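Beneath this line is the structure, given in structure tokens, with notes to follow.
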Number of protein chains: 2
Amino acid sequence: MKICREQIITIALSLLDREGLEGVTLRKVAAQLHVHAGALYWHVQNKQELLDELANALLSPYFVQWEGRTPEQPWSKWLQATCEHLREAMLSHREGARVIAGAGLGRAVQLAQLMELIVQSLMSAGFSLRQAFLTCSTALSYVYGFVIEEQAAPTNASIKQARSSEETLISKIQHEKRIHHYTTEMDFRAGLELILEGAKQQLQK
Amino acid sequence: MKICREQIITIALSLLDREGLEGVTLRKVAAQLHVHAGALYWHVQNKQELLDELANALLSPYFVQWEGRTPEQPWSKWLQATCEHLREAMLSHREGARVIAGAGLGRAVQLAQLMELIVQSLMSAGFSLRQAFLTCSTALSYVYGFVIEEQAAPTNASIKQARSSEETLISKIQHEKRIHHYTTEMDFRAGLELILEGAKQQLQK
DNA sequence: ACCTGAACACCGTTCAAGT
DNA sequence: ACCTGAACACCGTTCAAGT
């Protein structure tokens, strides 16, 4: 049975969607390739490397073709679209945000390249290197944190809380959301706008 | 050997600092209490519950005494202090951010309470329920994402990159940081200020 | 009520040996 | 070059049986 790196990643990805991150196991991947677990170590250094490649595999289809800001494009619109695109990439697979955050900037090549593209796009719009970096890192941190929480499986505790409708502000917020048909996507956009607005202000000084 | 829930959490916390999150294992905790692994299940439902308690244990010393905004306090100063305090709680133990994010709002009672306190403090400063929620959730997502990345162990890849000082913008940023003695804390504050600035702007409309 | 002892069904990783 | 076979040192979880 000849196998290659790509097959391993593809199988791992499908396993991620079916069983979640904790279900992604070298032994299960090997089994689906009709191969013993030890055989994977010829194609992959260890499990962490597989996880890193998983992060890249999530990001690649969304960002290999992604263009930097064009001169006539306002930077805030471009950055907004880029962050929403990143969120979509994360949402494209179960626990995607966790996978990407787990790899981090140091490991996920795609993520480092994306950061490069953002900083460059902001600088061409008049940001200093530091301003561009801070805006970029703030936006990315926000996306990370937001989507990780968004993808966290609803627990028994949170369901119980929602059901019992206590007099907490959080349950009032949930209630208001239902009435006004607020979506999680709207929350995400609104938070992102806060950051973009802050960056605009900073830029004028 | 009589043991109790508190001891389990204390041991787990020390294990977290010594060996990191993946070193926190029911069997190791049990061994340090001179008890068989199965015995822990009398005090704890499963490993996840222990992890949730770990998140609370990280937050409690920082937030049980934490006060809501006082009338004479500007909301932005109070929120800034609160977010910096949260970051310090996360940094107080190895991989603290990951532990807290892993528990999430649904599991870490302390975190849900903190959110409650923030929303309430912002509303008393004139925010609508929705404005307060969005500002709170944006700030918290940012802190999450920032500190998770901050605490990610530097990898071989990132060290190699730093050493080879390629012509990437990211390495230029690292370089600039060293020259100007920028700290990670300054980066955190600057990003936070972006969000606070954006929230101020939003409030005026 | 609280723990032992032992099992069950898993993990990642290594490595001689095969082909 | 690439995989088998088998081992090693672990995991979380369950549960009868002890005290």
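The chains referred to below are lettered A, B, ... by the order of the sequence lines, with proteins before strands, and numbering in each begins at 1. The structure presented is a predicted model; accordingly, all values stated were derived computationally and were not measured. Below, all heavy atoms of this structure are taken into account, side chains as well, without hydrogens, waters or symmetry copies.
In summary, the side chains of A/Ser60 and A/Gln110 do present a donor paired with an acceptor at a separation below 3.5 Å, with no hydrogens or angles considered. With 3.5 Å as the limit, one finds a donor-acceptor pair spanning the side chains of A/Thr70 and A/Gln73.
One atom, NE2 of A/His34, and another, P of D/dT4, lie 11 Å apart when rounded to the nearest Å. If you take CZ of B/Arg27 and P of C/dA6, they are 14 Å apart, rounded to a whole angstrom. Rounded to an integer number of Å, the gap from A/Glu22 CD to D/dC11 C1' is 12 Å. Atom CG of A/Leu15 is separated from atom P of C/dC11 by 10 Å (rounded to the nearest Å). Atom CD1 in A/Ile8 sits roughly 12 Å away from atom C1' in D/dC3 (whole-Å rounding).
In this structure, B/His85 and B/Trp66 have parallel ring planes: the angle between them is below the 30° cut-off, well short of the 60° mark.
When the C1' atom is compared between C/dC2 and D/dA16, the two are found 15 Å apart, to the nearest whole Å. Taking atom P in both D/dA9 and C/dA9, one finds a spacing of 22 Å when rounded to whole Å.
A/Val44 and A/Leu50 get closest at one heavy-atom pair: CG1-N, 4.3 Å.
Side-chain contact between B/Thr168 and B/Lys172 is absent, with no heavy atoms from C-beta onward closer than 4.5 Å.
Taking side-chain N and O atoms only, A/Thr25 has a distance below 4.0 Å to OP1 or OP2 of C/dG12. At the phosphate of D/dG5, OP1 or OP2 sits under 4.0 Å from a side-chain N or O atom of A/His36.
Using N1 to N3 plus N6-O4 or O6-N4 for Watson-Crick, or N1-O2 and O6-N3 for G-U wobble, each under 3.5 Å, D/dA1 pairs with C/dT19. Across every strand in view, C/dT14 sits in a pair with D/dA6 that passes the Watson-Crick or G-U test at under 3.5 angstrom.
Salt bridge annotation for B/Glu84-B/Arg189: present, with a cationic side-chain nitrogen under 4.0 angstrom from a carboxylate oxygen.
At a non-hydrogen distance threshold of 4.0 Å, A/Gly38, A/Tyr41, A/Asn46, A/Lys47 from residues 38-51 of chain A come into contact with DNA chain C.
Here the two rings, on A/Tyr142 and A/Phe188, have centers that are under 6.0 Å apart.
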